[in-house]
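Have a look at the structure below, then the notes.
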Amino acid sequence: MTELRLQDAGTARSQPRTGVARRLARQREAGLVLILVLLFVAMSFASPYFLTWENMRAMTMAFAVEGIVVVGMTILLISGGIDLSVGSVVAFAMVLAGWLFLAGIDPWTASALAILACAGIGLAMGLCVTRIGLHHFIVSLAFMVIARGACLLLTGGRPIGLFTLPPEFKFIGQGSIGVIPFVIVFFVIFVLAFDFLLRRSTAFRKVFYTGSNPKAAAYSGIRTQRVVVATTVLCSTLAGVAGIIYMARFGSAQPTFGVGMELNVIAAAVIGGASLTGGQGTILGAILGAILLSVVSSSLALLDVSVYWQDIIRGSILLAAVSFDLYLHRRKSR
Amino acid sequence: MTELRLQDAGTARSQPRTGVARRLARQREAGLVLILVLLFVAMSFASPYFLTWENMRAMTMAFAVEGIVVVGMTILLISGGIDLSVGSVVAFAMVLAGWLFLAGIDPWTASALAILACAGIGLAMGLCVTRIGLHHFIVSLAFMVIARGACLLLTGGRPIGLFTLPPEFKFIGQGSIGVIPFVIVFFVIFVLAFDFLLRRSTAFRKVFYTGSNPKAAAYSGIRTQRVVVATTVLCSTLAGVAGIIYMARFGSAQPTFGVGMELNVIAAAVIGGASLTGGQGTILGAILGAILLSVVSSSLALLDVSVYWQDIIRGSILLAAVSFDLYLHRRKSR
Amino acid sequence: MADDLVLRISNVSKSFGAIQALRGVDFELRRGEVHAIAGENGAGKSTLMNIIDGILRPDSGEIFLNGAPVEITSPARAQELGIGFVHQEIALCSDVTVAENIFMAEINASRKWFMDYAALHARARETLAQLSPIEPTLLVRDLSISSQQLVEIAKALTLDCRILILDEPTAALTEHEAQLLFGIMRRLAAGGISIIYISHRMVEIFDNCDRVTVFRDGRHIATREVAEITPDFVVNSMVGRVLGKLYPPKRDAAAPPPAPLLSVAGLTDGKRFRDVGFTLGRGEILGLAGLIGAGRSEIVKGICGLHPVTAGRLELDGTELPIRSYRHSIDNGLVYLSEDRKGDGVFIDLPIAANVSALDLRQVSSRWGTVDAEKEAEQAGRLGDRLGLKRGSIDDPVSSLSGGNQQKVALAKMLSVEPRVIFLDEPTRGVDVGAKAEIHRILRELANNGVGIVVVSSELPELIGLCDRVLVVREGLLNGEVAGDALTEENIIRLASFTERTVRPEGESLRPEGENLH
Amino acid sequence: ESKFACEPGDTYIMNVMVSAHPYWVPVFEGFKQAASAMGCEVIFSGTPDYDITKQIASFEQDLVKKPKGILLHPMQADPFIEPINRAVDSGVAVVTFAADSPNSKRTSYITSDNLAEAKFAAEEIAEQLGGSGEYAVLENPGQSNHDLRVTAFIDYMKTHYPEMKLVGRQASNQDANRAYQAVQSMLQANPNLGALWIPEAGSAEGAVAAVLEAKADVVIMHADVTPTTLEHIKAGNVHMALNPNQGMQGFMGFVATFMAAHPDMIDPFNDYERSGYNPMGIPFIDNGFAVITKENAEDFDLNAYMEGRS
Ligand SMILES: Nc1ncnc2c1ncn2[C@@H]1O[C@H](COP(=O)(O)OP(=O)(O)OP(=O)(O)O)[C@@H](O)[C@H]1O
Ligand SMILES: Nc1ncnc2c1ncn2[C@@H]1O[C@H](COP(=O)(O)OP(=O)(O)OP(=O)(O)O)[C@@H](O)[C@H]1O
Ligand SMILES: [Mg+2]
Ligand SMILES: [Mg+2]
């Protein structure tokens with residue numbers, strides 16, 4: 001089959017395996033880890049500030065919240081869907097929670113309601129896909145515009161200042177447990193939990209089946225429509241959670257927040273081995289993808305590379321990293 | 001089959017048919033035409049300015065040049081690819097041609113070189129896909145960033161004023177043949193030509209085969225890699241052509257032009273029946289999709305709808321239109 | 001004699017990772033002969049054909065065409081060399097019309113700028129007429145698997161080739177279409193075209209082929225004139241041992257009729273079939289026969305909740321069972337094995353173990369709702385061994401298996417749950433003789449344990465050898481039933497084809513002829 | 001009757017890009033106040049998108065409504081030359097604000113002086129740091145007024161305060177999260193960073209979050225305001241913000257547009273009759289800017305201001 005186009009040839013298989021295969025699967029992520037290590041070594045020579053605790057902390061903070069969205073997107077991609085609305089939904093969660101808070105509701109309830117509303121958006125999208133039969137792409141594009149519109153409507157386009165949020169709420173975004181920011185603690189636990197669930201739980205196994213071959217899944221008695229709706233809802237819900245954390249962190253809600261986030265998030269998942277045609281992907285890989293993207297950006301800023309060169313370098317590194325990863329993966333699987 | 005996800009069930013089939021089937025195929029586009037007609041009737045009641053020649057001209061000009069990119073994207077989608085870099089490549093063509101012109105090269109040669117450079121970007125992307133085996137999505141995302149960086153680098157982030165472009169060059173973008181702008185004339189001929197080619201020419205039929213099932217196409221002796229490279233190059237080249245026309249129209253080159261264009265262009269193609277998994281799509285449908293998106297925007301502007309509502313309405317109309325279209329299509333195909 | 005050799009394969013080897021698919025294989029093809037290749041699933045037959053067609057490159061070895069060494073680098077090159085190939089796995093462009101699929105290679109090679117659709121459709125209609133009247137303007141996605149198989153064959157017939165490779169072309173065809181195909185093959189061979197014919201059906205090999213080559217474990221075992229040997233010889237050299245009986249003993253016909261397990265009444269979908277009614281006994285194996293497109297698949301899918309029905313009643317063990325969804329059916333012990341292995345039978349990119357466990361994950365999960373990888377591997381290993389699955393690691397994707405072994409994975413999936421009623425649509429498609437006998441044995445064993453089994457098959461000997469009773473479907477109606485001594489090919493074919501297009505008034509008795517046959 | 005008033009039905013349009021941006025709200029408020037003083041109708045128009053093609057289309061659609069004049073914020077200068085000229089030729093007065101199209105036939109241009117803002121900011125920062133230290137900027141390549149605020153700032157520093165060292169120049173593209181990341185990195189690379197100049201408020205929100213997290217002592221100045229940055233100013237996290245006088249921009253913008261639509265009201269001492277230009281033209285009107293500090297931050301709460309207006 002060497003002659004054929006190997007569109008997805010390099011993407012990972014993420015099913016739990018035993019023995020050799022399990023080690024191989026780990027090695028898929030090992031490719032990305034290797035690239036990251038190389039980057040870290042290079043950077044620690046290039047800048048004395050790179051390998052400092054503060055910089056590591058800062059870099060982690062830079063992708064931790066978006067990482068939550070990456071998790072949702074990866075699961076959705078595995079099920080065969082895609083969601084362009086995540087950036088808008090993040091903003092919507094911020095704005096709605098902020099608006100409710102200013103209307104006098106306590107911030108925890110306001111946040112819960114906002115996250116629920118995001119889940120509602122996910123449900124609406126999921127039903128459009130399964131009931132009407134539209135494609136995820138076009139449905140989420142429409143909801144990306146609608147959710148953004150809702151943000152504008154709620155705020156009149158103006159950012160909402162939430163300086164009055166109580167400190168225990170702000171703790172979510174700004175607090176630390178010991179020296180480690182709460183955001184990072186939350187993020188790490190969250191990622192490990194979802195990585196475990198995705199590899200092991202029967203519920204998420206059905207997501208793989210559905211994404212790999214929806215027809216065969218239906219012929220295995222899996223209610224694929226429910227799986228699709230559930231993953232869509234999950235992705236929107238996690239975007240909502242991320243929105244609330246951002247709100248706690250910035251102490252404000254911006255209706256224009258998260259524009260363009262979707263491409264970044266999808267890119268992270270794909271770098272980490274998720275397939276755009278469904279059935280493949282891992283949380284760990286996707287998060288490594290997000291880390292790669294973020295560390296490259298942070299490094300360029302740290303080195304004070306000219307703005308005009310940054311994009312070119314970022315794009316090239318992205319390309320080089322995925323090519324190298326694919327190369328490693330191919331060699332290993334031989 | 002009720003249990004199955006009907007992801008792409010509604011997307012068009014674009015093969016030429018005979019007799020009844022042919023009429024059915026036409027009707028696919030007829031669904032979109034019907035939606036557009038309804039919109040036009042509603043709008044002409046809603047606003048006395050809608051059905052004026054000036055408004056029609058303004059609305060047509062708003063999508064004509066982008067329509068050229070839509071054509072390229074549709075063909076690429078049919079072949080199974082996707083291109084997120086079109087917006088950046090449009091800007092790159094403008095900026096490079098403008099830069100060369102200011103460096104003393106005559107505008108025609110400068111434009112030809114710029115379009116050639118865009119084709120080169122397409123070639124690079126196509127080779128990354130076919131040779132390295134990366135996915136179109138991630139490759140074009142990287143090139144979207146790189147091309148944008150190249151624009152910034154060439155211009156230092158500032159627009160290039162091209163007031164000194166000779167009038168015969170500006171004619172491309174600003175001139176009229178009789179009362180009809182040259183851009184519109186060019187666009188109509190261009191679209192009709194490509195629509196015909198895609199339906200009839202043996203070369204473009206291979207694009208359908210490749211997109212529908214690359215393996216089967218390869219088994220039939222089609223060099224699918226070449227087809228993929230060719231469609232990728234074509235898409236970038238047409239983006240380059242659009243960039244040159246924009247430059248002639250605006251008399252300037254803007255490094256930030258076309259941000260977010262890719263989603264709009266892909267949405268138009270998908271509304272018009274192109275499948276994101278390849279093998280399906282028509283030029284006419286895609287252009288009707290572009291017209292729909294553009295007319296909705298223009299109509300909202302004309303009606304002075306509050307900006308805070310516009311996005312919500314736009315998103316909802318998009319959703320309603322694709323659902324209605326799918327509904328019509330389903331009924332008909334019964 | 002030497003110039004009679006069209007194709008010579010010399011010492012070809014090919015491996016996929018750790019799996020050695022071909023080990024120094026030799027093969028010779030003469031002009032105008034029909035040369036059968038036989039071998040167990042995973043013996044390397046398809047791999048060799050893929051090498052001849054340029055889809056795969058051999059690790060070592062040489063290919064000679066008309067005495068000259070050639071390097072076949074791509075299917076396009078193979079076509080230039082006059083090699084045509086009907087793939088075991090259907091590979092068609094589903095978004096494209098039948099006509100364009102048939103003439104794809106020609107369109108590709110054509111120097112013409114524009115398509116002439118009128119001529120294309122006319123010629124496609126002509127080609128198809130030799131096999132089955134499929135409308136050339138339909139999209140391939142709208143065809144049943146068997147029709148797609150016919151299109152795949154028609155595609156090869158249009159090629160101007162000197163060597164034609166047919167890799168299990170009849171696996172999804174009924175007797176009728178298969179006979180048409182054999183007629184065409186003989187005509188082509190008479191015209192000097194050499195044909196490589198791969199099949200697991202001995203009858204076909206012995207009725208239609210001149211020579212036969214046997215492979216085992218990637219090795220060339222023997223090549224003989226068909227006239228000089230017996231089927232037993234072929235089977236024995238394939239399997240490497242003497243095989244017992246092909247079919248297990250049936251239910252004792254003298255025994256009292258079985259207690260009814262599942263009864264179906266008035267099943268109608270408003271399109272493909274209507275007023276279907278029958279009763280399946282406990283421990284009975286019931287066959288469903290019919291021509292392509294008779295609607296057998298739809299009927300069984302309808303019973304399982306995989307195809308919408310407008311009317312109909314099911315009774316399982318005497319209690320009514322509403323048709324809701326396939327999940328509901330599974331939970332009540334009804335399972336269905338699809339005829340479209342690749343389309344909806346297996347998850348081609350997922351590991352073998354994950355495929356086998358898909359029907360009921362609870363069996364392989366821990367108390368906490370997490371999949372236990374060891375249990376899963378154990379289950380797949382056990383069922384795989386039972387079916388003689390030839391595989392690498394249990395974690396390899398199904399795509400790394402040979403066609404017949406993929407079918408075994410699909411079967412293992414069915415057997416993983418303990419169903420009360422099993423519907424099998426072409427269960428032994430592409431399965432080798434040995435494994436087939438084993439599958440039949442397993443089915444009979446299940447039946448003896450009280451499971452009801454319905455087998456849809458286009459292979460009449462299988463229906464006759466395996467089933468206690470066979471229902472014949474014609475144009476969506478049950479047209480009769482044969483059992484016992486009346487269970488013969490002639491009777492089934494007669495019921496299946498009857499007079500063409502006789503319109504039967506609604507409500508008239510459905511099985512007068514069947515009654516007569518008892 | 002005063003000639004400084006509208007005939008019934010005379011309509012004036014304010015056309016902008018990214019029309020949901022809150023910046024336009026006080027501008028349009030000023031525009032409306034002037035219009036109502038003169039008995040004119042107003043329409044707020046433009047495109048919600050950051051897309052010049054759409055803005056041109058909306059501008060051309062404005063023309064279909066036959067307004068007396070349009071106060072325009074052209075997203076880019078040159079692409080608007082032809083549409084503006086066509087409008088002016090068809091008798092619709094056009095005045096630009098906040099961004100210009102200098103080569104077109106627009107009659108006047110009103111804006112806050114970005115150079116003056118940059119100069120003020122540079123002076124203030126240099127003073128705060130005592131004339132020497134490290135500073136950094138955020139920028140949005142491609143956004144002309146932001147570009148001007150940044151480049152002019154850097155140039156001014158270079159020429160007037162050679163002791164002030166530019167150590168970081170990162171793009172944030174008006175995205176709080178990107179600004180947050182960029183400032184974090186800059187703080188890591190430059191522990192002695194003393195000041196930050198940010199050309200708009202959206203990025204400032206992210207920048208402040210980063211500075212607070214790093215517990216760094218940085219003098220932050222930015223242009224424009226949002227509710228959050230106001231609070232930061234009140235809390236002392238942001239040193240100072242410079243805000244264009246949006247009300248005057250809208251008010252004077254209207255007046256200039258009205259004047260441009262009524263050239264017959266003036267007969268000045270110049271060659272306008274011979275040369276044919278609009279005698280009401282004013283090449284540049286400076287609407288000025290306000291300096292927002294702890295003391296006056298209260299008065300720049302847009303939500304409070306818009307309370308009871310619409
Ligand atoms: N792409 C692949 N990757 C790994 N192993 C493969 C691949 N294709 C085939 N194999 C292995 O090569 C061996 C030969 O397979 P092949 O398909 O040639 O068998 P076959 O004789 O055609 O069997 P069948 O009768 O089932 O079609 C099998 O063991 C199979 O598992
Ligand atoms: N989705 C569909 N739309 C239209 N026609 C279809 C569709 N699916 C199948 N058919 C038609 O139905 C017939 C095949 O149906 P089906 O496969 O159920 O028959 P069958 O009796 O199971 O025979 P076999 O499985 O041997 O082909 C063909 O004539 C095919 O053209
Ligand atoms: Mg095979
Ligand atoms: Mg069937």
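Sequence lines set the chain letters: A, B, ... in the order given, protein chains first and strands last, and positions in each chain run from 1.
Ranked by heavy-atom pairs shorter than 4.5 Å toward chain B, the options A:Leu318, A:Leu152, A:Ile312 are led by A:Ile312. Ranked by heavy-atom pairs under 4.5 Å with chain B, the first of A:Ala147, A:Gly315, A:Ser306 is A:Gly315. Chain A forms more heavy-atom pairs under 4.5 Å with one residue of B:Gly157, B:Ala150, B:Gly156, B:Cys128 than with any other, namely B:Gly156.
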Pair up each side-chain donor or acceptor in residues 253-271 of chain B with any protein partner under 3.5 Å, not counting sequence neighbours, and list the distances.
{"from": "B:Gln254", "atom 1": "NE2", "to": "B:Ser252", "atom 2": "OG", "distance (Å)": "3.0"}
{"from": "B:Asn264", "atom 1": "ND2", "to": "B:Glu66", "atom 2": "OE2", "distance (Å)": "3.1"}

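Side-chain contact between A:Leu288 and A:Leu292: absent, with no pair of heavy atoms (C-beta onward) separated by less than 4.5 Å. Taking 4.5 Å as the limit, some side-chain heavy atom of A:Val228 sits within range of a side-chain heavy atom of A:His136. Within the 4.5 Å cutoff, no side-chain heavy atoms of A:Leu76 are placed close to those of A:Leu234.
Of the atoms belonging to A:Leu84, it is side-chain heavy atoms, and not backbone ones, that fall under 4.5 Å from chain B.
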